[in-house]
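Ligands are counted one by one from 1 in listed order, and the atoms in each one are counted from 1 as well. Sequence positions, counted from 1, serve as the residue numbers for this chain.
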Amino acid sequence: MPTPPDPFFTLGTRLPDRLGRTGTIHTPHGDIQTPAFIAVGTKATVKAVLPESMKDLGAQAVLANAYHLYLQPGPDIVDEAGGFGKFMNWDGPTFTDSGGFQVMSLGVGFKKVLAMEAVGVQSDDVIADGKQRLAHVDDDGVTFKSHLDGSPHRFTPEVSMQIQHQLGADIMFAFDELTTLLNTRGYQEQSVERTQAWAVRCIAEHEKLTAERAHRPYQALFGVVQGAQYEDLRRQAARGLESITGVSGRGFDGYGIGGALEKQNLGTIVRWVNEELPEHKPRHMLGISEPDDMFVAIENGADTFDCVNPSRVARNAAIYHPDGRFNINTARFRRDFTPIDDECDCYTCANYSRAYIHHLFKAKEMLASTLCTIHNERFTVRLVDRIRESIEGGYFDEYKAEMLGRFYGSKRSSTGA
Ligand SMILES: [Zn+2]
């Protein structure tokens with residue numbers, strides 16, 4: 001039977017008076033220095049970029065999505081290839097999410113979780129305008145229709161575990177129910193209970209599969225803490241998940257913090273959860289990458305993050321820059337032969353000008369997406385690296401004030417704004 005790396009997580013430097021810390025996650029495919037940004041490769045590719053480029057820009061790990069790889073090409077094919085890391089030629093650490101977010105959100109039509117606004121009347125029947133409800137949640141699992149061809153499918157905690165074991169990532173997530181801020185308090189209570197019951201089933205299935213698939217390296221399992229904006233539910237959810245030990249007595253290897261929350265509550269919610277969770281297990285914040293969100297999550301004890309945003313916006317010509325985000329598509333860059341960011345050490349900034357990248361977008365050339373994705377991923381990875389250094393060096397608050405002041409506060413002429 002594959003044995004877990006021991007220790008799985010090593011604590012580094014603590015942030016004085018707060019829950020923030022640095023550390024190292026040890027996986028069978030290498031170490032992750034935390035805090036770390038985990039690049040998203042939804043369908044076993046970081047869109048438009050070679051895995052070698054991701055290595056070069058300092059990405060430590062890649063996260064793929066169980067829902068997408070289940071539908072296409074199918075987890076059995078990924079398994080036969082030796083797991084999604086091997087399949088995509090990425091030999092470093094890997095994560096998969098449980099698929100729960102996609103089976104529920106693609107059908108129900110939520111906006112992105114952190115962007116959700118708590119407006120309107122609370123209701124447990126949240127369907128976006130013009131969208132047919134494609135997912136149905138019951139106590140046993142979720143029935144949904146494929147967004148590709150409308151075919152019916154069902155995910156349960158056991159199915160999610162089976163798929164994720166086949167996908168072969170070093171770190172997997174338990175199958176949880178996703179709610180929104182529009183759900184009633186009563187529904188949030190039920191949902192936390194349901195996610196807890198599903199977590200027990202995930203651990204049981206995970207232990208069974210770990211024993212059966214003895215030829216594979218150990219895959220770690222993270223529980224996902226839900227509870228929306230309610231302090232008592234968040235704390236209850238965190239304690240509940242940590243109380244599950246399974247037959248082996250190991251329980252969850254770490255935790256994900258997910259679900260409905262507003263940007264202004266992010267730090268508070270992360271703090272509630274991390275005050276309950278044990279210090280020696282890593283915590284992953286699902287779906288954030290904006291600089292202010294990352295500082296707040298890190299100082300409240302989150303260790304890793306993932307988000308599609310840096311690559312998604314890059315394909316729409318949006319560039320992360322120390323002085324704020326700007327769009328390279330606008331006409332003022334036609335004759336700007338300087339790099340996107342003259343302080344950046346990425347391949348794109350070392351070799352290409354704003355004018356050239358502007359031209360590539362105008363000409364609808366694929367290389368535009370590649371070059372901008374490399375820059376935005378490097379920007380995000382480097383920002384988290386610097387936050388880690390600032391914790392180790394004892395100047396976190398100074399760095400936070402300087403970086404955020406510049407990113408959100410100023411619009412210098414170098415950005416053309
Ligand atoms: Zn760059």
- Task: Could you please give the number of protein N/O/S atoms within less than 2.8 Å of the Zn ion (ligand 1)?
- Result: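 Those protein atoms number 4 in total.
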
Do the ring centers of [X] and [Y] come within less than 6.0 Å of each other?
| X | Y | answer |
| --- | --- | --- |
| His68 | His147 | yes |
| Tyr347 | Tyr352 | yes |
| Phe222 | Phe173 | yes |
| Phe144 | Tyr67 | yes |

*Any idea which heavy atoms bring Glu276 and Ala238 closest together, and the distance?*
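Closest approach of Glu276 to Ala238: CB-CB, 3.7 Å.
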
Where do Thr143 and His136 land on the side-chain hydrogen bond (donor to acceptor under 3.5 Å, both in side chains) test, with the steps shown first? CA-CA 5 Å; Thr143 304; His136 176 77; over 6 Å; no

